[in-house]
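The structure follows.
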Amino acid sequence: MSTRMLKRTGLSNELCEQLKRHQIESCKDLLSLTPLEVMHAACLSYQQAIELLQSVSKVIAPPVSTALELCKQQACFSTSLPALDKLLRGGLPHGTITEVTGPSGCGKTQICLMLSVLATLPKSEGGLDSGVIYIDTECAFSAERLVEIAQSRFPDYFNCRERVLHMAGRVLLCRELTCQDVLNRLDRIEEDIISSGAGLIILDSVASVVRKEFDTTLPGNLMHRSDLLGHEASTLKYLAHQFNIPVVLTNQITTHLGGQGSEDAGFVTAALGNTWSHSVNTRLILQYVDSHQRQILIAKSPVAPFAVLNYTIEKQGICIDGDDSQETLYEGTDPGLQPIRVQTGFTYNLTTPI
Amino acid sequence: MQCSVSSLSLSPAVKSRLTAAGFSLLSELQGLPPSQICAEAGVSQQEALQVLQAVRGSPVRIAPPLTALQLLQEEQQQRSIISFCSQLDAALGGGLPVGKTTEICGAPGVGKTQLCLQLAVDVQVPVCFGGLGGQAVFVDTEGSFLLQRVQDFAGAAVKHCSLLVEDDEQRVAMTTFNVETILSNIFLVRCHDYVELLAELHLLPDFLSEHPRVRLLVIDSMAFPFRLHFDELSQRTRLLNGLAQQFIAMASSHHIAVVITNQMTTRLRGSQSQLVPALGESWGHAPTIRLLLQWAGTQRLAVIFKSPGHPGSTVEYQINSDGFRDAVQSEQPPSKRPRTHTIQSAAGQRDSNQSAPGPRHCS
């Protein structure tokens, strides 16, 4: 919207020409100016300059709605895990970004595959009856596993081959192996969303490409990296809101070294840093309890309290153990610094810096 | 009338013609017929008319100075928005002041948006309960406005007020104070980038004039759109300064509380890194009050670290299913704390609220 040309906002041609002489061509250029600068560039009186700014603003500004009107389009994407849905008040909220973080092999991709299956299910089965855009940066997507999850999770529905094929046909896979590819894909994904009728975007994983390409110990790289992540986040937020669909990302883990003189030793926590943690609306952390048993932590959520759920990975994907009432609540802490237990079953205690 | 022609709010072209024609003071233009200005300065009749109108409506209007006494009376009339967290209200001298800009900074997930949502509900508490009976404008740049949560907060606020009903006036007020009206009194704008935000802010003064009951403007967050897409930091600083000015003007002329959230960023000082509010040092001058929400282990703390009227202080708070509330009294052994997040204990929490937050204090 912001790149919209002034010509298309209903301004007179003369005014556009006049502004163009001062390199003011888009709404973005104009709105970045102060009224005094506009007066100078457009040769207008103060009052007219204010009117010009307001008329352009009217074209650009998003509509105002009341929260009550929002009620009607409120929707959730059920995760088919009743205990998690209950905590999240119905599932992953549409229009927001959900991040799944955890150590390798803990089930991040499994969750993504499971959600892909769910999104393609018809509404009567609790799905979204829509396509899925799956951006895979780790080449971890397995179509075989997708079908396996589908067939073992919903044996009644996927009882015939056509339905399975139909489901698999609706999952659109994009393999993007560099940061630039991911960005390019995101910038042009709108067309794919419309053509495939996608109701879910998955980016698995946001961390791998970024961490591969940016050595943050070099000067300037950290800045560049956070710019890039910020760009990704704002594009994804825009898509989520524009199409009112959920977006799911996966993230990796990193070692957080306690600051000098601080009492806490190092521990493992979500990667990509503090600024990125601001960008996600919901953060689910997966961690190991022992080699078989794992846990989902709701570490950041606008609706859910902090909570822990035990799960295992079975043939049909993620299975929450026990009944709904079994979840244990815990006192929250900074989701950016939430310690994560890794495979060995204990929190890494790095008293000696690497 | 010793003002010069260049002080007029006219387009630069007209002004240069006037100066070229020898007009330097406003008094020289006064009383001239338009056609003479046309002839002397070589401007069109339309422009001559504008010149005369500008001269008459002389821009040099100096507002008479206020005495501190007048200001005191004015400030006492403007009430504050209570936060339902009595310790925070006490630290802020009765709540979030109307007519001022307040910034809320904090780490991700600490409760910035929750506090904003709570305020958007609280601003609507009817006047007879000690509230403001206002409306709220919520500018969402991060997509974090979640309706379910507002419904929770609204439900809790309605319940809280209904328990306080004592006289007929309050009973009447309660008939229109319900979740549905609360939701319909929150105006929501979703901005995707800073240009949309700038555009929205150009339109807000008019919107506020049309909706005189609005008492709260929330920008959640300021940091997200302004942390991206800026190659030149000087451009960003300039825009932010302009916005800060607009916020202050809106806050005082429309009698609204402006609440801006800000993110935290990591700053490296030598080998040590620390978390500081984003958007740079100079932005820190913009808000009148700065609140920092932070984690201390598993506790959540609110720190007032800039305020002209209150000493810097730290209070503990919690976020439960009803909203932003006082932390449970610290006499309790810490082992019981984790339970405060459960829904079951929220009922018990409400009982203890009787002595704690709420509008009844102000009524």
Side-chain angles (χ1 to χ4, degrees), chain A residues 1-2 27-28 31-32 34 39-40 43-48 53-54 56-58 60-68 70-71 74 89 93 95-97 227 230-231 234 237-238 240-241 259-260 273-275 277-279 281 283 299-300 302-303 305-306 329-337, chain B residues 9-14 50 54 107-110 113-114 142-144 146-150 180 183-193 195-196 198-200 202-203 206-207 223-225 227-229 235 239 242 263-266 271-273 275 295 297-298 320-321 337-339 341-342:
Chain A
M1 272 300 261
S2 56
C27 294
K28 179 180 172 179
L31 289 172
S32 306
T34 62
M39 274 170 74
H40 182 73
C43 268
L44 294 171
S45 70
Y46 183 74
Q47 204 52 43
Q48 287 167 320
L53 281 173
Q54 287 203 339
V56 173
S57 294
K58 266 193 195 117
I60 286 283
V64 180
S65 60
T66 67
L68 192 63
L70 207 70
C71 267
Q74 186 72 17
R89 315 290 291 282
T96 68
I97 298 186
D227 271 359
H231 186 85
S234 93
K237 271 171 197 271
Y238 165 77
H241 178 250
Q260 279 174 355
N274 166 67
T275 306
S277 306
H278 279 292
S279 308
N281 299 106
R283 170 170 277 174
K300 176 185 178 183
V303 290
F306 295 102
L329 294 128
Y330 73 101
E331 184 87 359
T333 181
D334 191 335
L337 297 174
Chain B
S9 58
L10 289 168
S11 74
V14 175
Q50 279 178 9
V110 76
T113 303
Q114 306 280 322
E142 292 191 336
S144 47
L146 264 192
L147 197 66
Q148 293 144 315
R149 202 66 186 133
V150 186
E180 209 155 284
L183 294 183
S184 65
N185 281 332
I186 300 177
F187 299 103
L188 191 67
V189 190
R190 175 78 170 86
C191 293
H192 292 110
D193 57 22
V195 184
E196 289 189 7
L198 289 172
E200 188 54 42
H202 274 299
L203 300 178
D206 283 350
F207 184 86
F224 185 69
R227 289 179 83 172
L228 319 162
H229 313 310
Q235 157 89 340
L239 285 175
Q263 301 178 343
M264 302 297 276
T265 187
T266 314
S271 62
Q272 254 176 329
S273 67
L275 278 182
W295 292 98
T298 56
N320 63 21
S321 55
R337 282 241 189 84
R339 290 274 129 214
H341 284 286
T342 59

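Keep in mind it's a predicted model, so treat the numbers as computed, not measured. Below, read A as the first sequence line, B as the second, and so on, with proteins coming before strands; counting in each chain starts at 1.
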Interface residue of largest heavy-atom contact number with chain A, from B/P12, B/G143, B/A13, under 4.5 Å: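 Highest number of pairs under 4.5 Å: B/P12.
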Part of B/D206 within contact of chain A (heavy atom distance under 4.5 Å):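 Just the side chain, heavy atoms under 4.5 Å.
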Minimal non-hydrogen separation, A/Q54 against B/L203, with atom names: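 Between these two residues, the closest heavy atoms are O-CD2, 3.6 Å.
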Gap between atom CG of B/L183 and atom OG1 of A/T66 - 0.5 Å precision: 8.0 Å
More than 12 heavy atoms of other groups within 6.0 Å of B/Q235 CD: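 Enclosed: over 12 neighbouring heavy atoms sit under 6.0 Å from CD of B/Q235.
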For chain A, the option from B/G242, B/A223, B/S144, B/S184 that forms the most heavy-atom pairs under 4.5 Å: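 The option with the most such pairs is B/S184.
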Sequence-distant partners of B/E200, side-chain contact (heavy atoms from CB on, under 4.5 Å), two or more places apart: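 A/A61, A/P62, A/V64, B/V189, B/C191, B/L204.
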Contacting region of A/P93 [heavy-atom separation from chain B under 4.5 Å]: side chain
A/Y46 atom OH, neighbour heavy-atom count above 12 within 6.0 Å: no
Exercise: identify the closest heavy-atom pair between A/S279 and B/F224: OG-CE1, 4.1 Å
B/M264 vs A/H278 side-chain heavy atoms within contact, under 4.5 Å: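 Yes, their side chains come closer than 4.5 Å.
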Per-residue contact mode, B/Q114 against chain A (heavy atom under 4.5 angstrom): side chain
B/T265: side-chain contact (heavy atoms from CB on, under 4.5 Å) partners, not counting sequence neighbours: A/T275, B/R227, B/V276, B/A278
Beyond-backbone contact of A/K237 with B/H192, side-chain heavy atoms, under 4.5 angstrom: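 A/K237 does not reach B/H192 side chain to side chain.
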Heavy-atom pairs under 4.5 Å with chain B, option from A/A240, A/G95, A/A67 with the top count: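 Greatest number of close heavy-atom pairs with chain B: A/A67.
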CZ-CG distance between A/R89 and B/L146, expressed to the nearest 0.5 angstrom: 10.0 Å
Nearest atoms (heavy-atom pairs only) where B/G109 meets A/K300: N-CE, 3.7 Å
Considering all heavy atoms, the nearest A/L31-B/A199 contact: CD1-CB, 3.8 Å
Spacing of B/L147 atom CG and A/L68 atom CG [to the nearest 0.5 Å]: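 Between atom CG of B/L147 and atom CG of A/L68 there are 8.5 Å.
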Which portion of B/L188 sits near chain A, non-hydrogen atoms under 4.5 angstrom: both
